[in-house]
Amino acid sequence: MGIFIKISDFLWGWPLIIIILLTAVVLTVRTGAIQFRRFGYMLRTTFGSIFKKEEEGEGVMKPFKLAMAAMSGTIGTGNIAGVGLAIGIGGPGAVFWMWIVALFSMVTKYSEIVLGVKYRELNKETGEYNSGPMYYILKGLGSKWGWLAVTYAVLFGLGYFVMAFVQSNTIAAAMSTMLNVKPLITGIVLAVLMSLVVYGGLKRLVKVADVLVPFMTIVYFLASLVIILMNINKLPGVFGTIISSAFTGSAALGGFAGSTVVLSMRQGFARGIYSNDGGVGLGAVIHGQAITTHPAKQGMWGIFEVFIDTCVVCTATALVIMFTGVYGSGEKGLALTSLAFSTGLPGKWLGHAIVCFGVVMFGYTTSINNNFLFQNAMGYVFKNVKRKIIILVCGTLSLSGAIFGAVGGLEEIWGLSDLFLALVILINVPVVLALSKEVRELTKEYYGHGQHRK
């Protein structure tokens, strides 16, 4: 396991930082900085369409429902434990780099969804669409790149299978620390609850996510907002610490003694990407089902998801940790976030309860989302195997992963998931860059012809 962590640490240093930023800068230029210039339109076409009864265009599901399904995989334990891990290891400066990667992940995720919708294909057997990076690799780059599409699918599937271990591990840690529940029991209960969804495909996932994601996000954010408002006078100092640490490293203090600028960047980038999935290709898989009139219109949901996930939820966690002053305690991960909430809210039990609720709810929805992505990827790899068999096998493996992950070690599991995530990004991001001309043309077509005003 040690070798995997070493490779992951190397990839998440300058190699991925350069690749992700370079691609995002190119996409930002080619789309006319759409994540900034069209931010208002994004809010209108996403928030503004939540209560619309019908959508225009082709597709099988409403964009909002798919956004909730996609966010069930992005708003997860990474927003709670991951942010705590980033600050605990990389220092306060990691928060700044998390913001930076979010701003650029917006255009990357937008581009992925645009390509995903353009190259989706209707599956006559299921009545749903097949979509994702596998399809825009094969159809966008040409059949000679079929091997790369399969390689991507294998790594993508294995990555999200391993992430089932990450989620259950974090949930089990929370239940053990706060409620004294044995990890094995947590794993078994989680597997039972997952079994109610994982065998039902995307439709079952959408039904659950449509209810749980908005509810849990609002509850967690409001709890964070209470602490932030109670300590709002600390805002200038907190922002000053975050920004100065991002460029100078952290002084020797607590758990992040001697944190360097590169370490802060690495933690901020890794946790930011892990949380919002910009560059991974998740959005292209799920949003391919959307009822929409144009790929560029659907791409707005990618900007929306990164904004909510990183700029709102992750930032809320980071500010709670910073405002309560516990970031130098020596704790990291879930323990650091839990300490922050228990310090900031009246009564130690309330803070623990909020964090425990968030971890369980976020972890559960992410786990069922990860299983769907695992199924989808394996369905591409094993095209000749019936869909029902793929769902059965992948679902069972995910349930087993939930149980075994509950009793595993935190850092080793996070390290392995980081490695798979890095390899997937190393394939997908250059492909999106190679197809960026098509993203630019579709963006110009949509906005240049005034379709966004209809």
**Student:** Would you say that Met134 contacts Val150 through its side chain, given a criterion of any heavy-atom pair below 4.5 Å between the two side chains?
**Tutor:** no
**Student:** Any idea which heavy atoms bring Ala296 and Tyr446 closest together, and the distance?
**Tutor:** CB-CB, 3.6 Å
**Student:** Are the side chains of Gln298 and Val114 in contact, using a 4.5 Å heavy-atom criterion?
**Tutor:** no
**Student:** For Lys139, look at atom NZ and say whether over 12 heavy atoms of other residues, nucleotides or ligands are found less than 6.0 Å away.
**Tutor:** yes
**Student:** Between His294 and Glu445, is any side-chain donor less than 3.5 angstrom from a side-chain acceptor?
**Tutor:** yes
**Student:** Is the Phe307 ring parallel, tilted or perpendicular to the Phe39 ring (thresholds 30°, 60°)?
**Tutor:** perpendicular
**Student:** Give a yes or no on whether the backbone of Leu202 and the side-chain of Gln289 come within a donor-acceptor separation of less than 3.5 Å.
**Tutor:** no
**Student:** Does a donor on one side chain and an acceptor on the other come within less than 3.5 Å for Gln35 and Thr28?
**Tutor:** yes
**Student:** Quick one, Phe161 with Phe374, criterion ring-ring contact (aromatic ring centres under 6.0 Å, His included). Give me CA distance, side-chain angles, the key distance, then yes/no.
**Tutor:** CA-CA 6 Å; Phe161 170 60; Phe374 179 35; 5.2 Å; yes
**Student:** Step by step, work out the side-chain contact (heavy atoms from CB on, under 4.5 Å) result for Thr108 and Ile20.
**Tutor:** CA-CA 9 Å; Thr108 305; Ile20 291 172; 5.7 Å; no
**Student:** Would you say Ser338's side chain and Ala335's backbone share a donor-acceptor pair under 3.5 angstrom?
**Tutor:** no
**Student:** Does Lys383 count as lying over the ring of Tyr380, i.e. NZ or CZ under 6.0 Å from the six-ring centre, within 45 degrees of the axis?
**Tutor:** yes
**Student:** Any chance you could measure Thr46, atom OG1, to Met300, atom CE, to the nearest 0.5 Å?
**Tutor:** 9.0 Å
**Student:** Would you indicate whether the side-chain heavy atoms of Asn169 and Val407 approach each other to under 4.5 Å?
**Tutor:** no
**Student:** Under the 3.5 angstrom rule, does the side chain of Thr23 hit a backbone N or O of Ile19 as a donor-acceptor pair?
**Tutor:** yes
**Student:** A side-chain contact here means heavy atoms from C-beta on lying under 4.5 Å apart; do His352 and Phe341 qualify?
**Tutor:** no
**Student:** Checking the side chain of Arg120 only, and the main-chain atoms of Ala290 only, is there a donor and an acceptor separated by less than 3.5 Å?
**Tutor:** yes
**Student:** With rounding to the nearest 0.5 Å, note down the distance linking CZ in Arg30 to CD in Glu441.
**Tutor:** 9.0 Å
**Student:** Asn428 pairs by side-chain contact (heavy atoms from CB on, under 4.5 Å) with which of Leu426, Val432, Ile425?
**Tutor:** Val432
**Student:** Name the orientation class of the two ring planes belonging to Phe304 and Trp301 (parallel below 30°, tilted from 30 to 60°, perpendicular beyond 60°).
**Tutor:** perpendicular
**Student:** side-chain contact (heavy atoms from CB on, under 4.5 Å) between Leu392 and Lys388: does it pass, once the steps are laid out?
**Tutor:** CA-CA 6 Å; Leu392 177 62; Lys388 290 183 179 180; over 6 Å; no
**Student:** For the CD atom of Gln167 and the CG atom of Asn369, what is their distance to the nearest 0.5 Å?
**Tutor:** 9.5 Å
**Student:** How about Val197 and Tyr364: do any of their side-chain heavy atoms sit closer than 4.5 Å?
**Tutor:** yes
**Student:** Find the distance between CD1 (Ile185) and OG (Ser176) and round it off to the nearest 0.5 Å.
**Tutor:** 10.5 Å
**Student:** Which is it for Val192 and Leu399 under the side-chain contact (heavy atoms from CB on, under 4.5 Å) test, yes or no, and what are the steps along the way?
**Tutor:** CA-CA 8 Å; Val192 171; Leu399 299 184; over 6 Å; no
**Student:** What verdict does the ring-ring contact (aromatic ring centres under 6.0 Å, His included) test give for Tyr160 and Phe420, after you've listed the backbone C-alpha separation in whole Å, the side-chain angles of each residue and the deciding distance to 0.1 Å?
**Tutor:** CA-CA 8 Å; Tyr160 279 101; Phe420 278 117; over 10 Å; no
**Student:** Can you sort out the partners of Glu438 under salt bridge (charged side-chain N to carboxylate O under 4.0 Å, His left out), two or more places apart, ordered by chain and number?
**Tutor:** Lys118
**Student:** Looking only at heavy atoms, what is the nearest atom pair of Ala406 and Gly187, with distance?
**Tutor:** CB-CA, 3.7 Å
**Student:** So, does Thr366 use its side chain to make a donor-acceptor pair with the main chain of Gly363 at under 3.5 Å?
**Tutor:** no
**Student:** Is there a donor-acceptor pair under 3.5 Å between the side chain of Ser342 and the backbone N or O of Leu339?
**Tutor:** yes
**Student:** Give a yes or no answer on whether the side chain of Asn123 reaches the backbone of Asn130 with a donor-acceptor pair at less than 3.5 Å.
**Tutor:** no
**Student:** Would you check if the side chain of Arg440 reaches a backbone N or O of Val29 as a donor-acceptor pair within less than 3.5 Å?
**Tutor:** no
**Student:** Check for a donor-acceptor pair, side chain of Thr186 on one end and backbone N or O of Ala172 on the other, with a separation under 3.5 Å.
**Tutor:** no
**Student:** Does one side chain, of Tyr199 or Asn371, offer a donor that lies under 3.5 Å from an acceptor on the other?
**Tutor:** no
**Student:** Grab the two heavy atoms, one from Leu435 and one from Tyr136, that are nearest each other, plus how far apart they are.
**Tutor:** CD1-O, 3.5 Å
**Student:** Compare every heavy atom of Leu190 with every heavy atom of Ser367, then report the nearest pair and how far apart it is.
**Tutor:** OG-CD2, 4.5 Å
**Student:** Answer whether the closest heavy-atom distance between the side chains of Ile34 and Tyr447 falls below 4.5 Å.
**Tutor:** yes
**Student:** Answer with yes or no whether the side chains of Thr315 and Trp99 bring together a donor and an acceptor at under 3.5 Å.
**Tutor:** yes
**Student:** Is the shortest side-chain heavy-atom distance between Met361 and Thr365 below 4.5 Å?
**Tutor:** no
**Student:** Can you see whether Tyr220 engages Thr317 through a side-chain donor-acceptor pair at a distance of less than 3.5 angstrom?
**Tutor:** yes
**Student:** Taking Val285's backbone N and O only, do any of them form a donor-acceptor pair with Ser131's side chain (distance below 3.5 Å, no angle check)?
**Tutor:** yes
**Student:** Can you see whether Thr443 engages Tyr110 through a side-chain donor-acceptor pair at a distance of less than 3.5 angstrom?
**Tutor:** yes
**Student:** How long is the span from the OG atom in Ser168 to the CE atom in Met194, to the nearest 0.5 Å?
**Tutor:** 8.0 Å
**Student:** Got a second to check how far Ile286's CD1 is from Glu305's CD, nearest 0.5 Å?
**Tutor:** 8.0 Å
**Student:** Got Phe221 and Ile218 here, is their nearest side-chain heavy-atom distance under 4.5 Å?
**Tutor:** no
**Student:** Quick one: do Met68 and Val206 satisfy side-chain contact (heavy atoms from CB on, under 4.5 Å)? Show the steps, please.
**Tutor:** CA-CA 7 Å; Met68 293 303 100; Val206 167; over 6 Å; no
